[in-house]
Amino acid sequence: MNDFANTWAPPLQPTPLAAQLNDRQREAVLHTEGPLIVLAGAGSGKTKMLTSRIAYLIEAMKVPAYQVLAVTFTNKAAAEMRERVEKNLLASGSGHLGQPEIGTFHSVCVRLLRRELGRTPFTQPFTIYDDSDQLSLIKAAMSALQIDDKSFNPKAVQGAINRAKCDAVEPAEARAAATDVFARQAARVYEEYQKSLFANQALDFGEIICMTYRLLRDHADIREKYQRRFRYIHVDEYQDTNRAQYLLLSILAAKSLGGHENICVVGDEDQSIYKWRGADIRNILDFEREYPGCHVVKLEQNYRSTKTILAAAGSVIRNNLARKEKTLWTENEEGRKIIRAQLADERAEAEMVVAEIKQLLAGNDRSYSDFAIFYRTNAQSRQFEDVLRREKVPYQVVGGLRFYDRKEIKDILCYLKCIVNPSDSISLKRILNVPGRGIGKTTLEKLDQFYIDSNRTGSITFWDVLQRAALDPSLTSSGTAKKISGFVQLLKKFMADQPKLLLSELYHEILDEIGYVRVLREEGTEESSARIENLEEFDTILQEFEEDHLENLTEEQKGQKKLELLSLFIEQSTLSSDIDQLEASASSVKLMTLHSSKGLEFPVVFLVGMEDGLFPSVRNWGEATDEDIEEERRLCYVGMTRSREVLYLMGVVVRRIWGDVSYQEPSRFFQEIPEEYLEMRDFSYGNRVQEYRVGSSRQFGYSKPKADLTGWVGREMIHPEYGRGTVIASEGGGTDQKVTICFSRGSEKKFLLRYVASFFS
DNA sequence: TTTAGCTCAATTTTT
DNA sequence: TTGAGCTAAA
């Protein structure tokens, strides 16, 4: 069955490690020289393959560990890989040189940039701006350019800039390529934004990659250094790489640029779900063209799901045209059918999910952590949270507001950021009047105007402006100058004390001096006490961080490390996400978006809200392209293949969207699943929920919701007063949608759909 | 300068 | 429906 095995002999004896792999995985592990692409289907053991490969390189091939690079997209994936590689190496007991570099694209690049700081535009440790910091700076740039933010939406400009960065397009190129007014203005802002970004000694997420790329591209010595350093490159989730990341990898690996071409990329185009964020699916589809003669390995054996789940997911994804044909198979058992349910409304949907969870908990030896609920949008989580809370089922929501994005945490983080990097105008402006010290909008505007005006002549920071305003009452007023002076003195005190203090000590000094907790206590609301709790948790995080990093150092070393440590902490807080904190072991039901679910697996999965318009979700139905639908379909595939044993696909008839009642059509993806894999179920939990029995998955035709109202025509209902009837016409839309029903008793009546929706069978 | 009330917009979000 | 951000009044 393995036609490749006949022609190929491993260069070295397989290690015991390699012996635990299947033929294909082993093939990928042993192919260490030259370009390699591994098409790894869902659940095919690609992490196992990757970690074995890294261990094999270090152990059997005697490659110095530090020459191995592995990049992932999440900290969680990186941490898992690091852990498993370490375990492999530990098991073998061999001493090895240094550590393999395993991290996210961003963390690897940030480390490189910090190492080469002298070759960057930065003169001090840089700050990383998240999306909201970035938006603030874009607004500032627009105001400096006197571009009206009503005619040009700053968020749209931000989108344009970030798209350019994903494609490694620089401001000059963007300007040259601009064909319309918006693109031209966006390019202007982009240029101005870049200037102020560097003046702030700051980077945004996209720039981390782009700057690293430019650094390697423009400096032969640095390029050669890292080509030598990273001799074996591994890229996880390759289908999610964007153009800039692709170029970065090429520069390290491509022969034409002096590289070694020892690059192993692992991906699955069927799981590419970040096209909307710049991921370029061509990177994986074209890899073979970019690296002629590259070796291709397909991992098609799935170790995760039942035959039924795999077959159903496969029949969905087969409808995509932009993919390499591959067929997943498994030795796992047939398993039970996929349970499909159509509920009355989102409340009923949540009730049913929780009831099923309780039932399965009672019947089998399952625990809360076996269950996951996936939805398309975060807004859908509320109903589930309500019912789970009421039923006392422990749960954990992934996503939503990050811990570090909470107002109180961000405020304090901004103080820390300003201490490390006072050039950071965004953070300075944020904390200038937090907590309130009487420096309001008018003052800020004056300072800002002065900042913009004086910056035309030289490189003056906002911090310089503040210091000047503290001494010069003519800039504002004598009262205001005093207040600004107080703030400047305060920050200077923190800067002076920083080297003497532990992180947590510095944190307490800040809190005490600015009286943050006191202000919150005075509020005395539930919300403010939650904020105080978060601040306490932040304290714990700081202490733990410090313990982890200062463990083996002498007192003297500790002193030197403090500034470095503070920047490292700030960096980590910006580069970490919610999912990193997800504990698989925690005994709770997990709730998350389909996007967050990638890379995870659960014995029981509820995929909810499967309704056309919501999932697949398309912003403008008229403009829904096949590509958009294909990405949604991949999302569906990702969601289904997370499930090991039991999969529920659910949707509702009536959903309140933005306060409006909307009548939903079942997701078109249902039609793509053969009926033999599906089991229709009657659900009636509690008396408020009507039964929504669905006769057949094919009963609902494919239709365009809202715009096309024919979806209801032909449906049957039983009206409590008029009896059995069929829809013969429908008109209107949204809340006002009406249906004309012809009753078997002979009458014909018109109803508002929302009043009779529950009578349909 | 602060704040109460209004308008407007609104997917997904590894970093 | 919810929230963020802005204008008008205290």
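In what follows, chains carry the letters A, B, and so on, assigned in the order in which the sequence lines appear, proteins first and then strands, with residues in each chain numbered from 1.
- Checking C:dT7, C:dT1, B:dT11 against the side-chain heavy atoms of A:Lys150 singles out C:dT7 as nearest.
- Classification of the A:Phe287-A:Tyr238 ring pair by plane angle, with boundaries at 30° and 60°, yields perpendicular.
- Across all strands shown, A:Asp240 has heavy atoms under 4.0 Å from base atoms, whether or not it also approaches the sugar-phosphate.
- For the salt bridge (charged side-chain N to carboxylate O under 4.0 Å, His left out) test with A:Asp411, the passing option among A:Lys417, A:Arg430, A:Arg406 is A:Arg430; the others fail.
- Here salt bridge (Lys or Arg N to Asp or Glu O under 4.0 Å) pairs that include residues 236-251 of chain A, with residues two or more places apart or in two chains, are A:Lys46-A:Asp236, A:Lys46-A:Glu237, A:Glu237-A:Lys598, A:Asp240-A:Lys598.
- No contact: A:Thr72 has no heavy atom under 4.0 Å from any strand.
- The residue A:Arg437 sits apart from the nucleic acid: no heavy atom pair falls under 4.0 Å.
- A:Tyr274 comes within 4.0 angstrom of a nucleotide base, judged by non-hydrogen atoms across all strands.
- Contact annotation for A:Asn433: backbone-only contact, meaning every heavy-atom pair under 4.0 Å involves sugar-phosphate atoms and none involves a base.
- Judged by distance alone with a 3.5 Å cut-off, no donor-acceptor contact links the side chain of A:Arg402 to the base of B:dT13.
- Residue contacts shown for A:Gln245 are absent, as no nucleic acid heavy atom lies under 4.0 Å away.
- At a threshold of 4.0 Å, the pair A:Asp149-A:Lys139 does not count as salt-bridged, since none of the basic side-chain nitrogens sits closer than that to a carboxylate oxygen.
- Within residues 439-447 of chain A, the residues that have a heavy atom under 4.0 Å from DNA chain B are, in order of number, A:Gly440, A:Lys441, A:Thr442, A:Thr443.
- Comparing A:Thr480 and A:Thr593 along DNA chain B, the residue whose closest nucleotide (by nearest heavy atom) sits nearer the 5' end is A:Thr480.
- Here the side chain of A:Asp131 is nearest to one of C:dT1, B:dT12, B:dT15, namely B:dT15.
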